[in-house]
A.B. asks: 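My questions all concern the structure below.
Throughout, a chain's letter reflects where its sequence line sits, starting with A, and its residues are numbered from 1.
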Protein chains: 2
Amino acid sequence: LKDSQIMDNEIKELMTPHEKVAHVQLNNPLDHALLVLIKSGYTTIPVLDTEYKVRGQISKAQILDSILGIERIEMERLHDYKVEDVMNGKVPRMNKNETFGKALMLSINHPFVCIEDDDGSFIGLMTRRSILALIHRHLSH
Amino acid sequence: LKDSQIMDNEIKELMTPHEKVAHVQLNNPLDHALLVLIKSGYTTIPVLDTEYKVRGQISKAQILDSILGIERIEMERLHDYKVEDVMNGKVPRMNKNETFGKALMLSINHPFVCIEDDDGSFIGLMTRRSILALIHRHLSH
Ligand SMILES: Nc1ncnc2c1ncn2[C@@H]1O[C@@H]2COP(=O)(O)O[C@H]3[C@@H](O)[C@H](n4cnc5c(N)ncnc54)O[C@@H]3COP(=O)(O)O[C@H]2[C@H]1O
Ligand SMILES: Nc1ncnc2c1ncn2[C@@H]1O[C@@H]2COP(=O)(O)O[C@H]3[C@@H](O)[C@H](n4cnc5c(N)ncnc54)O[C@@H]3COP(=O)(O)O[C@H]2[C@H]1O
């Protein structure tokens, strides 16, 4: 199965381009982040800084866990927290020129991988869905 | 890449067996389901009936969306709803004797697929992670 054809795939062609990726900024209040997450329908989305660099990822579960301590989730308390207070700073990332093999390896344990340009800026998202769809296309020919 | 070796993989060997799968029952109250979801750490889990047949799937987002209508999420209202009132009745499923190719195809659009026995009872979960890990093992040899 050492098929160079599948491994030669361009990361840039498979990824979801950054303009189609729902994301939030480090210093956004949590009520804004929860709204973006609910509207987008995604479980987890990337967190960027003002220079468009990836700084982490945040999920609905993280926002709710952070304030679930009391019986009621008080929506007005959400506004007092920031994304950076709650987000997960570890997020899988790779450079656009790296191999498909690396994207496949990272996707084993991560639903998405952030793709970066040479200057480190965020250019897109490599999802498990696009990797699986490519492999299925190859295997069925 | 038409590699029969990868396609011949036994579904039963790759899947997470049912005793390791976090799940809830149709008639469980929603506060119980939310607790199981938060404790398990999973985004979405299967819903079974009393005969151990898969009836749907439920996520934290669905439980919260169902009562987010008012400003505060009132935990005491969660007890009045049942899993079957909120769950998603469509869940990807396949029989244990079907091919790995079918599991791969279903995993393109679904994070997991429920594996059923010949009598329709739930025997395990095929996750994207185990499919990706297998493909990575094949591609790197
Ligand atoms: N609106 C929609 N339309 C069609 N299918 C949908 C969908 N929302 C979710 N799905 C399906 O459910 C899978 C899991 O979504 P989830 O939001 O948990 O997990 C997602 C989400 O956390 C993130 N993601 C994907 N696309 C994104 C985007 N445009 N912006 C921000 N985050 C994204 O990457 C994870 C993996 O995405 P992937 O596509 O592999 O896998 C997706 C996709 O197969
Ligand atoms: N406790 C943990 N330990 C290690 N890694 C973890 C983990 N929780 C989540 N992950 C990682 O995050 C991915 C997405 O998890 P999620 O809960 O959104 O989505 C999960 C969850 O909805 C469901 N799932 C997986 N295992 C389950 C289980 N034992 N019981 C119930 N549902 C399960 O299948 C989806 C896909 O699972 P998959 O393993 O492909 O992909 C998992 C796995 O790579």
Side-chain angles (χ1 to χ4, degrees), chain A residues 1-9 31 34-35 37-44 59-65 67-78 99-113 126-141, chain B residues 1-9 31 34-35 37-44 59-65 67-78 99-113 126-141:
Chain A
L1 208 98
K2 188 83 187 101
D3 183 317
S4 64
Q5 221 187 320
I6 202 172
M7 292 301 225
D8 287 350
N9 274 284
D31 55 355
L34 186 60
L35 207 66
L37 276 159
I38 290 176
K39 268 195 180 163
S40 74
Y42 292 116
T43 306
T44 307
S59 66
K60 285 177 214 168
Q62 268 169 321
I63 297 176
L64 294 161
D65 285 352
I67 47 179
L68 209 57
I70 44 177
E71 204 190 46
R72 288 168 175 249
I73 297 182
E74 294 172 39
M75 287 310 176
E76 53 279 13
R77 279 185 62 202
L78 278 176
T99 67
F100 175 79
K102 172 144 186 183
L104 172 60
M105 189 184 69
L106 285 174
S107 75
I108 293 170
N109 287 309
H110 303 285
F112 65 82
V113 178
M126 176 65 83
T127 61
R128 278 178 166 174
R129 182 176 183 288
S130 56
I131 290 174
L132 289 160
L134 175 84
I135 288 164
H136 184 255
R137 278 198 302 281
H138 269 272
L139 279 174
S140 35
H141 289 307
Chain B
L1 208 97
K2 186 86 188 101
D3 182 318
S4 63
Q5 217 188 325
I6 202 173
M7 294 300 233
D8 287 350
N9 272 284
D31 53 357
L34 187 59
L35 207 67
L37 277 160
I38 289 175
K39 268 197 182 159
S40 75
Y42 292 117
T43 306
T44 308
S59 66
K60 285 177 215 168
Q62 270 170 321
I63 296 177
L64 293 160
D65 287 352
I67 47 178
L68 208 57
I70 45 177
E71 201 188 48
R72 289 173 174 245
I73 297 182
E74 294 172 43
M75 288 308 174
E76 54 280 11
R77 280 184 63 203
L78 278 176
T99 67
F100 175 78
K102 171 140 188 185
L104 173 59
M105 191 185 68
L106 286 174
S107 75
I108 293 170
N109 288 309
H110 303 285
F112 64 82
V113 179
M126 176 65 85
T127 62
R128 278 178 167 174
R129 182 176 182 287
S130 56
I131 290 174
L132 288 160
L134 175 84
I135 289 164
H136 183 256
R137 278 199 304 280
H138 270 270
L139 280 173
S140 35
H141 290 307

A.B. asks: To check you understand the geometry: which heavy-atom pair defines the closest contact between B:Ile108 and B:Arg128, and what is its length?
C.D. replies: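 The pair with the smallest heavy-atom distance is O-NH2, 2.8 Å.
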
A.B. asks: Report which part of A:Leu37 has an atom under 4.5 Å of a heavy atom belonging to chain B: side chain, backbone, both, or neither.
C.D. replies: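 Contact with chain B involves no heavy atom of A:Leu37 at all.
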
A.B. asks: Between A:Thr43 and chain B, which part of the residue has a heavy atom less than 4.5 Å away: side chain, backbone, both or neither?
C.D. replies: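 Only the side chain of A:Thr43 comes within 4.5 Å of chain B.
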
A.B. asks: Should A:Ile135 and A:Leu104 count as side-chain neighbours, where that means a heavy-atom distance under 4.5 Å?
C.D. replies: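 Contact flag for A:Ile135/A:Leu104 side chains = yes.
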
A.B. asks: Taking all heavy atoms of B:Arg129 and all of A:Asn109, pick out the closest pair and write down the distance.
C.D. replies: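 Residues B:Arg129 and A:Asn109, closest heavy atoms: NE-OD1, 2.7 Å.
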
A.B. asks: Do you know which of B:Ser130, B:Gly41, B:Ser59, B:Ser107 has the most heavy-atom pairs under 4.5 Å to chain A?
C.D. replies: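 Most heavy-atom pairs under 4.5 Å with chain A: B:Ser107.
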
A.B. asks: About how many Å separate CE of A:Met105 and CZ of B:Arg137, when rounded to the nearest 0.5 Å?
C.D. replies: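 One finds 14.5 Å between CZ of B:Arg137 and CE of A:Met105.
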
